[in-house]
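Remarks on the structure that follows.
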Amino acid sequence: MTVIYILNGPNLNLLGQREPEVYGHDTLASIEAMCRAKAKGLGLDIVFRQTNIEGELVNHIHEAREKAKGLVINAGAYTHTSVALHDAVKAVGLPTIEVHLSNVYKREAFRHHSYLSPVAEGVICGFGPQSYELALEGLAAILKKKGKA
Ligand code: CA2
């Protein structure tokens, strides 16, 4: 089975409980269920995690190196601040898709820079929970092309 790690960063555990005008009404649990259904259709197996701790995200990325063929990551606000996440994604060398629920380019200027984009194969933002489904589709296509799925 082709395993994909889907990693979520800080505050994403609050989805559906606060700021629905920005992030919608879906919870992270419902996004996980959507991802499981999508992954099944693509013949992928997913590990879905959330943490508020930057170093734990780094550890999950390292773990993915041994256990997964690719990575989907919504690093939340660490996207805009974390050289450590940039280095981790670069070091493991897995095809990685950066995702965001919101269109970060429609928002504050500090969200326009990402430390992950230069080390990601692709970036998807602004489609709400569907951003994750699109990321899985894109990653499946990349893996197929590389003969890894
Ligand atoms: O749009 C995205 O997916 C973001 O990664 C979400 C991050 C934000 O810092 C990025 O710029 C864009 C924030 C996630 C916080 O989620 C919340 C959910 C409910 C209530 C408050 C925050």
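Whatever order the structure lists ligands and atoms in, that order sets their numbers, starting from 1.
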Which of the listed options, Phe110, Tyr23, Tyr132, holds the heavy atom that is closest to atom 13 (C) of ligand 1? Tyr23

Tell me whether the rings of His112 and Tyr105 are parallel (<30°), tilted (30 to 60°) or perpendicular (>60°). tilted

With heavy atoms under 4.0 Å as the rule, classify the contact between Asn74 and ligand 1 as side chain, backbone, both or neither. side chain

Shortest protein heavy-atom distance from atom 16 (O) of ligand 1, along with the residue and atom involved: Asn11 O, 3.5 Å

For ligand 1, indicate whether the residue Val104 contacts it via side chain, backbone, both or neither (heavy-atom separation under 4.0 Å). side chain

Residue pair Thr79, Glu98: steps toward the side-chain hydrogen bond (donor to acceptor under 3.5 Å, both in side chains) verdict: CA-CA 9 Å; Thr79 305; Glu98 174 187 347; 4.9 Å; no

Does the residue Thr79 have a heavy-atom contact with ligand 1, meaning some pair of atoms that are separated by less than 4.0 Å? no

Answer yes or no: is there a side-chain heavy-atom contact under 4.5 Å between Leu44 and Leu139? no

Which residue and atom name correspond to the protein heavy atom nearest atom 20 (C) of ligand 1, and how close is it? Arg18 CB, 3.2 Å

Any heavy-atom pair between the side chains of Leu14 and Tyr23 that's under 4.5 Å? no

Go through ligand 1 atom by atom and flag the ones less than 4.0 Å from a non-hydrogen atom of Ala77. 9 (O)

May I ask you to check whether His100 has an N/O atom sitting below 3.5 Å from an N/O atom of ligand 1? yes

Enclosure of Arg107 CZ (heavy-atom neighbours >12, cutoff 6.0 Å): yes

Tell me if a side-chain donor or acceptor on Asn11 pairs with a main-chain N or O of Asn52 at a distance below 3.5 Å. no

Can you report which non-hydrogen protein atom sits closest to atom 3 (O) of ligand 1, along with the distance? Leu101 N, 2.7 Å

Between Ser131 (side chain) and His100 (backbone), is there a donor-acceptor pair under 3.5 Å? yes

Any nitrogen or oxygen of Glu19, main chain or side chain, under 3.5 Å from a nitrogen or oxygen of ligand 1? no

Proximal atoms of ligand 1 relative to His80 (non-hydrogen, under 4.0 Å): 10 (C), 11 (O)

Sidechain-backbone polar pair: Asn8 side chain, Arg49 backbone, donor-acceptor under 3.5 Å: yes

Give the residue, atom name and distance (to 0.1 Å) of the protein heavy atom nearest atom 8 (C) of ligand 1. Arg111 NH1, 3.3 Å

His113 side chain to His80 backbone, donor-acceptor under 3.5 Å: no

For atom 1 (O) of ligand 1, what is the nearest protein heavy atom, given as residue, atom name and distance? Ser102 OG, 2.5 Å

Does some non-hydrogen atom of Gln17 fall short of 4.0 Å from ligand 1? no

